Amino acid sequence: AAAAPAPAASGSGALASDGGMGRIALVPAVIACLQSRFYELMQEVLERNNIPSAKLSTRETIEKYTHYMCKHHFSGRGSEKNAKVYFAWRCGHPEIAAEFDELFEGRYRDYLASSRRPDLKSGDVFELQIANVLARNHASEAPLATCFDDWLWIKLLTLPVRAPEEAFAQLQQSISVQFGETYFDADQYPLRYVTTLTLTMQFEKAVEFLWRTDVVTAVHYAIACLQAGRLVCSPRLRGDRLENQPSRVSVINLAQLISVYARTFVKTDPQYALAYFALIKDVPLDQPSGQTCLERAVCDLVLESGDWELVFGSNNPSDRKVGLARQLLSSEHEWKRLVQAVAKESDHRGRFNDALRLYDLCEMRENVVQLLIRLLGQEAASPGPKRAQLRLFTDNILQRYDPSELSFVPELSKIMKCFELYQENRFNELAAPLDDLYRKKILPRRDEDVRECIEHFKRLSPEIQSNMPLLLLCAMKSLQCQLPTAGAPVRKAAQALMGYTSALPYRTPESIRGELLRINQSMLDR
């Protein structure tokens, strides 16, 4: 991928096109292209035959080319005057043709008003060809068609005024089906065949042919047609490469083509790959998930590389990043929808830390809190880098979110802090985080608090309930450290904890229960 394509324009689908309609309106542009190509050919012929053409005027070029062709290729087949008129017209200069023959504009007026075959007795091929074109004899032979460009130019100029679409469709059919790849020797000259299909506005068939021979060229040819609004694409990823529809324009599966191509370098050059996927951002995968091609590609990239910040950026106040996706997508809504899709997929695949940050990035705060509570419950008692990262993220959330949004996150944060201090043997520091848990009636200070705490326990989240045994051990260890200075109040608090432990509708592991009894007894004995 030497260069990435531009993202789809804002406000339009990535696969927007003319739907195949209105291509007949491009015929004048094709005619002009064929005329320009012929003029270049005229100059090349003169140069090859040592007739300098660079400094010649257009009229002089036509005159010298006509003289050469009549002498070497059309000797005895028509007058040089009529040849000048024809070649002037053929290279797109009817005004010069009129200079060569002052009667040019009115000479074949009868043919312009009729559709009958000219009946010229002179045998002048130039005069016959001009008459056939002016009379729009689409089915007539083309005696001057020495190459495909000549033949196509004549056929396009002779399309009937009434219902030209039908005649044009038949012309397309004859080129791609009746003549086909064999006639044009497409295997040996693929570019020539693609040019032929392009000039007859069969863009989808050109893409399909290139797909079989040169995928890179196929992709970029298709993108050019797509961004010009001239490609009819399948709205699905699954299915045939090309759907040929009788009496209608064929449909190309561009989503499949781009997916196959971009996946080859999505890991090594994600910036380029995502630019390609952005072109098919609205194409569904035909799966129950409802994901689009872009969402699936980004999900795979993020989950395989783990570098979601590269794709989406971050809202870290100390290190804000924009991300590739925001640069490629045309609206905030599209960007947020993509982040949400990847966040849900990360959550589904068990990539919870990534899911947390992605939910937060796209402001799905309810999902953030639900998942954070689950992770705090799982990791609170587990030392290691996961818990450390979770601690940093939780502290950030506590600062930014409204208390009404946080559910049990503050309580679980305090519990995790208690576990950290306990596992680091910093028992003297446990009192501060525990104080908040006492105040919220998660733990009892006195015997009279036990009943209220038991009722409150039933309303706590399962994550807090499952961590209660270790939390009780932290509280008891904290009281043991306070015993030398507090004495009797500490012993009463320890008794309340033991009563609470016995009354809990939750099974406390025997090892923790035994440790609680041991610490309580040691305080009673002192």
Side-chain angles (χ1 to χ4, degrees), residues 266-267 270-271 273-274 289 291 294-326 335-403 405-424 433 461-467 470-471:
V266 70
K267 292 182 182 178
Q271 181 174 1
L274 291 180
S289 66
Q291 282 188 326
L294 177 62
E295 289 168 354
R296 167 52 55 196
V298 172
C299 282
D300 291 344
L301 172 61
V302 169
L303 294 172
E304 288 173 15
S305 69
D307 193 357
W308 57 268
E309 287 190 0
L310 171 70
V311 179
F312 296 121
S314 71
N315 55 7
N316 187 338
S318 63
D319 185 24
R320 291 191 181 276
K321 297 178 181 178
V322 176
L324 300 176
R326 198 183 287 271
W335 176 84
K336 187 172 288 188
R337 176 181 141 186
L338 184 58
V339 181
Q340 289 173 353
V342 179
K344 290 176 181 177
E345 185 70 16
S346 299
D347 196 350
H348 177 71
R349 296 195 192 183
R351 301 284 291 270
F352 299 126
N353 284 333
D354 288 340
L356 260 184
R357 286 154 179 79
L358 290 168
Y359 281 139
D360 183 46
L361 191 62
C362 63
E363 298 182 345
M364 296 179 71
R365 293 194 169 192
E366 185 175 343
N367 294 65
V368 171
V369 171
Q370 289 176 357
L371 180 55
L372 184 56
I373 287 173
R374 194 163 84 237
L375 292 180
L376 286 170
Q378 295 171 0
E379 300 293 337
S382 303
K386 281 187 178 180
R387 187 172 71 179
Q389 291 176 5
L390 198 59
R391 158 64 59 201
L392 293 173
F393 183 80
T394 303
D395 291 346
N396 182 271
I397 293 299
L398 290 171
Q399 292 175 15
R400 293 192 291 112
Y401 285 24
D402 188 89
E405 300 175 293
L406 291 170
S407 183
F408 290 107
V409 171
E411 290 85 351
L412 282 163
S413 176
K414 295 292 184 182
I415 290 172
M416 184 166 66
K417 182 63 177 176
C418 288
F419 293 170
E420 290 171 355
L421 295 172
Y422 178 84
Q423 289 161 350
E424 294 170 8
S461 71
E463 290 77 15
I464 294 179
Q465 292 175 349
S466 63
N467 280 288
L470 184 55
L471 180 62

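Just so we're clear, the structure is a prediction, and the values are computed from it rather than from any experiment. One is the number of the first residue; the rest follow in order along the sequence.
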For the atom pair [atom1] ([X]) and [atom2] ([Y]), what is the distance rounded to the nearest 0.5 Å?
{"X": "D354", "Y": "R349", "atom1": "CG", "atom2": "CZ", "result": "11.5 Å"}
{"X": "S413", "Y": "D395", "atom1": "OG", "atom2": "CG", "result": "5.5 Å"}
{"X": "C418", "Y": "Q423", "atom1": "SG", "atom2": "CD", "result": "11.0 Å"}
{"X": "N467", "Y": "F419", "atom1": "CG", "atom2": "CZ", "result": "4.5 Å"}
{"X": "L358", "Y": "R351", "atom1": "CG", "atom2": "CZ", "result": "10.0 Å"}

Distance-only criterion, 3.5 Å: show the donor-acceptor pairs between side-chain atoms of residues 366-386 and protein atoms not counting sequence neighbours.
residue : atom : partner : partner atom : Å
E366    : OE2  : Q370    : NE2          : 3.3
R374    : NH2  : D347    : OD1          : 3.3

Considering only heavy atoms from C-beta outward, does the side chain of [X] approach that of [Y] to under 4.5 Å?
{"X": "E345", "Y": "E295", "value": "no"}
{"X": "F312", "Y": "L324", "value": "no"}
{"X": "L356", "Y": "F393", "value": "yes"}
{"X": "W335", "Y": "L361", "value": "yes"}

Inset, instruction - Decide whether Y401 and D360 meet the rule of one side-chain donor and one side-chain acceptor closer than 3.5 Å. - result: yes
Legend entry - Exercise: do R357 and Q389 side chains pair donor with acceptor under 3.5 Å: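 Not at all, the side chains of R357 and Q389 share no donor-acceptor pair under 3.5 Å.
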Legend entry - Least distance between heavy atoms, L390 atom then T394 atom: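 Minimum heavy-atom separation between L390 and T394: O-OG1, 2.7 Å.
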Inset, instruction - Can you see which heavy atom on A343 is nearest to which on A355, and at what distance? - result: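 Where A343 meets A355 most closely, the heavy atoms are O-CB, 3.7 Å.
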Legend entry - Test side chain to side chain contact (heavy atoms under 4.5 Å, CB included) applied to Y359 and K344, R365, Q340, the passing residue: K344
Legend entry - Partners passing side chain to side chain donor-acceptor pair (under 3.5 Å) against E463 (at least two apart in sequence or in another chain):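 S461.
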Legend entry - E424 side chain to L421 backbone, donor-acceptor under 3.5 Å: no
